[in-house]
Asks: 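There's a structure below that I have some questions on.
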2 protein chains.
Amino acid sequence: MKDFTSTPSPVKHIAEPTVRRLSGYLRFLEAFDAEGHETISSGELARAGGTTSAQVRKDLSFFGSFGKRGLGYGVKDLIASLREILGLDTRWPVVIVGAGKIGAALAQYRGFGTHGFDVVGIYDTDPSRVGTHLNGVTVRADGDLEGDIAALTPRIAVLCVPGEAAQAALDRVVGAGIRAVLNFAPTSLVAPEGVTVRAVNMATELEVLAYALTNESRD
Amino acid sequence: MKDFTSTPSPVKHIAEPTVRRLSGYLRFLEAFDAEGHETISSGELARAGGTTSAQVRKDLSFFGSFGKRGLGYGVKDLIASLREILGLDTRWPVVIVGAGKIGAALAQYRGFGTHGFDVVGIYDTDPSRVGTHLNGVTVRADGDLEGDIAALTPRIAVLCVPGEAAQAALDRVVGAGIRAVLNFAPTSLVAPEGVTVRAVNMATELEVLAYALTNESRD
DNA sequence: GGGTGCTTGTGAAATCCTTCACAAGCTACT
DNA sequence: AGTAGCTTGTGAAGGATTTCACAAGCACCC
Ligand SMILES: NC(=O)c1ccc[n+]([C@@H]2O[C@H](COP(=O)([O-])OP(=O)(O)OC[C@H]3O[C@@H](n4cnc5c(N)ncnc54)[C@H](O)[C@@H]3O)[C@@H](O)[C@H]2O)c1
Ligand SMILES: NC(=O)c1ccc[n+]([C@@H]2O[C@H](COP(=O)([O-])OP(=O)(O)OC[C@H]3O[C@@H](n4cnc5c(N)ncnc54)[C@H](O)[C@@H]3O)[C@@H](O)[C@H]2O)c1
C-alpha cells in the first residue's frame, strides 16, 4: 500500500483509455448479466473488451478489490461498482443543440435512456423545426437555451449544429453553466479550462481506417 | 539520422493516437487554408489540436521534414503531405449496412464526400426502405450486399444495424472481402486477424463525460 | 553582411501505460 | 481436513509516448 495521507479521495488520476475500457466492460457485463451469468473472470472480460486479463485486473484494482480469488467477479456486483465509478448511479439530463439529421437521430435513440442519460431539451434555429416532436421531446427555439439550462440544470450538452455554428453554440452552453460537451461538428473547438469537450468525428474515424488499410503491410 | 538499411519503407509503426492527431491537424489545416493563410507554426497547430508544439513536431517528424525553420509549415504543402500519409490521395468507396435513422443520416452527410469517401451502397432488410433514395444512393436489399461488394470493391463498411444484428453483419461484409469496419452498434464485435474494426459508441462517449464531471475535483 | 528573432527537428529524460509473473486466497472435491 | 485447481491483486519490469531542451537553420532588417 502507498502512503495516501495527503489524498483523501481514493482516486488519484485515471487515464482516459482506462475509463473507456471500464465503459466497455460495463456494456459487456450488462449483456452477460441478461444471459443469466452470475460470475465472470478477468479473462472472459478481456476477450470481450479486446484486451488482456492483466489489464482488466489492473483497471479494476485502481478502484478497489471487486473479485473473489478462484471465482472471478460477481456480474451484478461489478456492474454496480462500475456504475458508481463512472458516475452512473444517478441519471444525467442532457440537452441537444441542433435538431437536424444527426440531432434528430440522437434524440430518438433509445440507447441514451437505457444508459442513464435523459434528453431534456433539443434546440434549433430553424422555425420550421421548432415545435416538432422527437421521441416525446419538443424541439424548442434556440433562444430558450439559456433559460432552460438554468431551469433543468443539465450538465452535458451535445452539439449537432453545422461546423460554422459549433464554436458559438459551445460558448453559449458554457456560458449557461455546462461543463461537459459532446461535439459532432467536424470542427476543433476551444473551451475554457475546466470544460471537457469530446469530439465524435466521422472523418477521423474513417481516416484511421484508411490509414490502416493503406499500411496493412505487416502481420 | 538512423540506420535504415533494414527498413525499406520509411514508416515503422505509428500509434493510433498519432494517426488521430494527424487527422485533426488535417481538418484544421483545411479550414486554415480556406481562410487564406500560407504558413502555420507548430504552436498554432498545437493550440487547434489541443496538444503541444513539441508533440506536433514529433508527430510530423515520423514521416519526414515538412517545415522551414523560422517560418513554420506551408499550409498547402502540409495538407498534401498529410493526405498522402493518411492514404487520402485516392478516394475510398464505402458501403453502409442499415438504412435506419443513423444509416440514413450518414448517407446524407456531405462531409463524407468532401473528405474522400464515397457512399456506393446502402443496404437494409426492411422491404419498405428498399428502393428509397438517400442523397443519390438507392437503398438496396441486404441480399445484394455480397454481389455489390464484389462488383464495387469498397474496402470500408459502416454498420448501422441494431446490436443483435451487428456481429452477423460484420461476418457477412468480412466474408465478402471487407477489411475495415466502422461500427455504430453498441456491441463489441469479434473480427478475424487482419480486419480493423473501430467502434463509435455514444454511450461510452457520454460515460467518459459523466466520469469527468463526477471527478472534476482537481485540475 | 552580420545580427536578431523565430521556429523546426531531434536526442535525452521523464512520464505514462501495459505486460509479466507470482504469492495469496477462495472453492470444491476427496 | 487436506489438497488440487483456478483466479485475483499487485509489485516490478518493460515499452511506448510525451515532454524537455537546445542546436541548427531561415528570413528579415539594419
Ligand atoms: N449527418 C451526419 O451523419 C453527420 C455525421 C457526422 C457529423 N455530422 C455533423 O453534425 C452536424 C449536423 O449535421 P446534420 O447532418 O444533422 O446537419 P443538418 O443540416 O441536418 O442539421 C443541422 C441543424 O442545426 C440547426 N442549427 C444551425 N445553427 C444552429 C444554432 N446556432 N443553434 C441551434 N441549431 C442550429 C439547423 O437549423 C439544422 O436543423 C454538422 O456539423 C455535421 O458536420 C453529421
Ligand atoms: N440513432 C442514434 O442516434 C444512434 C446513436 C448511436 C448508435 N446507434 C446504433 O446504431 C444502430 C442503428 O440505430 P438506428 O437508430 O439507426 O436504428 P433504426 O432502427 O432506425 O435502424 C436500424 C435499421 O437496420 C435495419 N436492419 C436490421 N437488421 C439488418 C440487417 N441484418 N441488414 C441490414 N439492415 C438491417 C433495420 O431494418 C433498420 O432500418 C443501432 O445499433 C443503434 O444502437 C444509434
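In this text the structure is predicted, and so the values were computed from the model without any measurement. Proteins come first, then strands; the chains are lettered A, B, ... in the order of their sequence lines, and each starts at number 1.
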Asks: Quick check: on DNA chain C, is the nucleotide nearest B:Leu60 upstream (toward 5') of the one nearest A:Glu16, or the reverse? Name the residue that is more 5'.
Replies: B:Leu60

Asks: Does some side-chain heavy atom of A:Leu145 sit less than 4.5 Å from a side-chain heavy atom of A:Val173?
Replies: yes

Asks: Of the non-hydrogen atoms in B:Phe66 and B:Leu60, which two are nearest, and what is the gap between them?
Replies: CE1-O, 3.4 Å

Asks: Round to the nearest Å and state the distance from A:Phe62 atom CZ to D:dG11 atom P.
Replies: 12 Å

Asks: For A:Gln55 and C:dT19, is the shortest distance between a side-chain N/O and OP1 or OP2 below 4.0 Å?
Replies: yes

Asks: Whole-Å distance between C:dT8 P and B:Asp59 CG?
Replies: 13 Å

Asks: Going by number, which of residues 33-52 of chain A have a non-hydrogen atom under 4.0 Å from DNA chain C?
Replies: A:Thr52

Asks: Give me the atom names and distance for the closest heavy-atom approach of A:Gln167 to A:Leu189.
Replies: OE1-CA, 3.5 Å

Asks: Tell me, do B:Val95 and B:Val120 make a side-chain contact under 4.5 Å, heavy atoms counted?
Replies: yes

Asks: Taking the inter-plane angle between the rings of A:Phe63 and B:Tyr211 on a 0 to 90° scale, is it parallel (under 30°), tilted (30 to 60°) or perpendicular (over 60°)?
Replies: perpendicular

Asks: Rounding to 10 degrees, work out the angle separating the end axes of the helix from C:dG1-D:dC30 to C:dT30-D:dA1 (five pairs an end).
Replies: 0°

Asks: Does atom CD of A:Glu146 have more than 12 heavy-atom neighbours, drawn from other residues, nucleotides or ligands, at distances under 6.0 Å?
Replies: yes

Asks: Output side-chain donor-acceptor pairs under 3.5 Å for residues 18-25 of chain A, partner residues at least two apart or in another chain, one line each.
Replies:
from	atom 1	to	atom 2	distance (Å)
A:Arg20	NH1	A:Glu16	OE2	3.4
A:Arg20	NH2	B:Glu205	OE2	2.9
A:Arg21	NE	A:Asp59	OD2	2.7
A:Arg21	NH2	A:Asp59	OD1	2.9
A:Ser23	OG	A:Arg27	NH2	2.5
A:Ser23	OG	B:Thr204	OG1	2.9
A:Ser23	OG	B:Glu207	OE1	2.5
A:Tyr25	OH	A:Asp59	OD2	2.7

Asks: Are any of the side-chain heavy atoms of B:Val190 and B:Val197 separated by less than 4.5 Å?
Replies: no

Asks: Starting at atom CZ of A:Arg57, determine the distance to atom P of D:dG11, rounded to an integer number of angstrom.
Replies: 14 Å

Asks: Taking the side chain as C-beta and beyond, is there a heavy-atom pair between A:Trp92 and B:Leu213 under 4.5 Å?
Replies: yes

Asks: Please tell me if the side chains of B:Leu106 and B:Phe184 come closer than 4.5 Å, counting only heavy atoms from C-beta onward.
Replies: yes

Asks: What's the NZ-P distance between A:Lys58 and C:dC16, to the nearest Å?
Replies: 15 Å

Asks: If I take atom CG in residue A:Leu78 and atom P in nucleotide D:dT8, what distance separates them, rounded to the nearest angstrom?
Replies: 11 Å

Asks: I need the CD1-C1' distance between A:Ile14 and C:dT18, as an integer number of Å.
Replies: 14 Å

Asks: Which protein N or O atoms sit under 3.5 Å from an N or O of nucleotides 1-3 of chain D?
Replies:
none

Asks: Look at B:Tyr73 and C:dG9 and indicate whether a side-chain polar atom (N or O) is within less than 4.0 Å of OP1 or OP2.
Replies: yes

Asks: Can you tell if the side chain of B:Pro93 reaches within under 4.5 Å of the side chain of B:Leu152, non-hydrogen atoms only?
Replies: no

Asks: If I take atom CG from residue B:Leu45 and atom CZ from residue B:Phe32, how far apart are they, to the nearest 0.5 angstrom?
Replies: 8.0 Å

Asks: Report the residue from B:Ile102, B:Val200, B:Ile96, B:Val119 that forms a side chain to side chain contact (heavy atoms under 4.5 Å, CB included) with B:Val158.
Replies: B:Ile96

Asks: Nearest whole Å is fine: how far is D:dT17 C1' from B:Arg21 CZ?
Replies: 8 Å

Asks: Under the salt bridge (Lys or Arg N to Asp or Glu O under 4.0 Å) definition, can you give me all pairs with a residue in residues 96-122 of chain A, not counting sequence neighbours?
Replies: A:Arg91-A:Asp118

Asks: Which atom pairs link the protein and nucleotides 25-27 of chain D when you take only N or O atoms and keep those under 3.5 Å?
Replies:
from	atom 1	to	atom 2	distance (Å)
D:dG25	N2	B:Gly70	N	3.3
D:dC26	O4'	B:Arg69	O	3.3

